[in-house]
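Position 1 is the first residue of the sequence, and the numbers go up from there.
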Amino acid sequence: MSAEEIEEEVQYRASMTFKIDNEPSVTYTLYTNPVFVTPPSCQGGPHKIHLRELPKFQRNVWNVEDLKAAEPVDYEDNGVMVINATGKGAETLARAWCSERGKSAIIRAHGGPCFSCAYHVASGKGLGINLLIWVSSSSDRHGRNIRSSRLQDGIGAVHKLESSTLAAPLVSIYI
């Protein structure tokens, strides 16, 4: 086989490498082209979540820095998976993870629906995608980096999620 024939047969796969805080770099290979849906804001929200419903919303929440460890058993047939992508650069990492795993997602961006409505759009009651990427909270408009750990630590009500002001991990992106 000639060098030209070998060059024609070589296939290249796009990948993205992320550096999160002082952790080792994480690389995602972009195998698929997933669909991302951003729903409009809800009417009359944010809607409160009743205390008895909290376990459903807290069951499968992942921070972006932990996504590489997610196995299919963690997000397949386990209800809605929520990715906390509220830090700087975190949405890009979450989208790269979706591309590597072949998962489409609902993306809740600033000005979008409340947590309850975004969750229902992602669930079987809505589009049935079962993946919600939580990108921003209302505090983002003030220019602060947000990492909403309250998503994992017990959402007492939606307003707690909206008012979180913890520091976000720094995500560096290498393409």
Side-chain angles (χ1 to χ4, degrees), residues 14 16 18 26 28-141 146-164 168 171 173:
M16 297 179 79
F18 297 87
V26 177
Y28 291 97
T29 304
L30 310 179
Y31 293 114
T32 65
N33 188 18
V35 174
F36 297 105
V37 177
T38 305
S41 60
C42 56
Q43 301 298 315
H47 299 98
K48 294 188 183 207
I49 299 170
H50 194 278
L51 188 59
R52 70 176 174 262
E53 295 178 316
L54 282 179
K56 173 179 77 171
F57 293 105
Q58 296 171 319
R59 179 176 50 218
N60 199 9
V61 179
W62 290 77
N63 289 320
V64 291
E65 58 267 25
D66 301 325
L67 282 176
K68 197 64 173 177
E71 297 291 328
V73 70
D74 297 322
Y75 54 86
E76 300 289 339
D77 301 323
N78 198 11
V80 175
M81 177 182 187
V82 179
I83 298 175
N84 178 10
T86 53
K88 185 176 181 180
E91 178 183 0
T92 304
L93 190 151
R95 287 175 181 248
W97 180 86
C98 288
S99 178
E100 181 176 271
R101 303 296 172 102
K103 299 290 291 177
S104 295
I106 301 298
I107 296 185
R108 191 288 183 175
H110 178 69
C114 68
F115 183 78
S116 177
C117 289
Y119 188 94
H120 288 299
V121 168
S123 74
K125 294 178 182 177
L127 297 177
I129 292 175
N130 287 335
L131 181 58
L132 170 62
I133 300 174
W134 186 266
V135 175
S136 65
S137 66
S138 61
S139 299
D140 289 0
R141 68 182 145 212
I146 307 297
R147 178 177 174 204
S148 182
S149 67
R150 292 192 188 266
L151 212 73
Q152 187 75 30
D153 298 335
I155 311 164
V158 176
H159 70 276
K160 287 186 181 178
L161 175 67
E162 295 287 346
S163 65
S164 175
V171 178
I173 303 168

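Residues Val135 and Arg95 have side chains not in contact (no heavy-atom distance under 4.5 Å, counting atoms from C-beta outward). Side-chain contact between Ser104 and Val37: absent, with no pair of heavy atoms (C-beta onward) separated by less than 4.5 Å. With a 4.5 Å cut-off on side-chain heavy atoms, Thr92 and Phe18 count as touching. Contact of the Lys68 side chain with the Glu100 side chain is registered, since non-hydrogen atoms from C-beta on lie closer than 4.5 Å.
The minimum heavy-atom distance linking Asp66 with Trp62 is given by the pair O-CZ3, 3.5 Å. Scanning both residues, Ala70 and Trp97, for their nearest heavy atoms gives CB-CZ2, 4.2 Å. Ala118 and Ile106 get closest at one heavy-atom pair: O-CG2, 4.4 Å.
Between the CD atom of Glu53 and the OH atom of Tyr119 there is a distance of 10.0 Å, given to the nearest 0.5 Å. If you take OG1 on Thr86 and CD on Glu91, they are separated by 11.0 Å, rounding to the nearest 0.5 Å. Separation of atoms NZ (Lys48) and OG (Ser116) is listed at 12.5 Å; rounding is to 0.5 Å. Of the inter-residue distances, the one linking Trp134 atom CH2 with Arg108 atom CZ reads 4.0 Å to the nearest 0.5 angstrom. The distance from atom CG of Asn130 to atom NZ of Lys103, rounded to the nearest 0.5 Å, is 7.0 Å. Atom CG of Leu67 sits about 6.5 Å away from atom CG of Leu93, to the nearest 0.5 Å.
Contacts of Ala105 classified as side chain to side chain contact (heavy atoms under 4.5 Å, CB included), with partners at least two apart in sequence or in another chain: Phe36, Cys98, Leu131, Ile133. Listed by chain and residue number, nothing satisfies the side chain to side chain contact (heavy atoms under 4.5 Å, CB included) test with Gln43 (two or more places apart in sequence, or in another chain). Checked against salt bridge (charged side-chain N to carboxylate O under 4.0 Å, His left out), Arg101 has no partners two or more places apart in sequence or in another chain. For Thr38, the side chain to side chain contact (heavy atoms under 4.5 Å, CB included) test picks out Ile107, Ala109, with sequence neighbours left out. Remark: Pro72 pairs with Tyr75, Glu76 by the side chain to side chain contact (heavy atoms under 4.5 Å, CB included) rule, at least two apart or across chains.
A side-chain contact (heavy atoms from CB on, under 4.5 Å) with Leu132 is found for one member of Val80, Asn60, Asn84, Val61 and no other, namely Val80. The residue from Pro46, Cys42, Pro40 that alone fulfils the side-chain contact (heavy atoms from CB on, under 4.5 Å) condition with Pro113 is Cys42.
In this structure, the side chain of Ser99 does not engage the main chain of Ala96 through any donor-acceptor pair within 3.5 Å. Within the 3.5 Å criterion, the main-chain N or O of Tyr31 finds no donor-acceptor partner in the side chain of Thr29.
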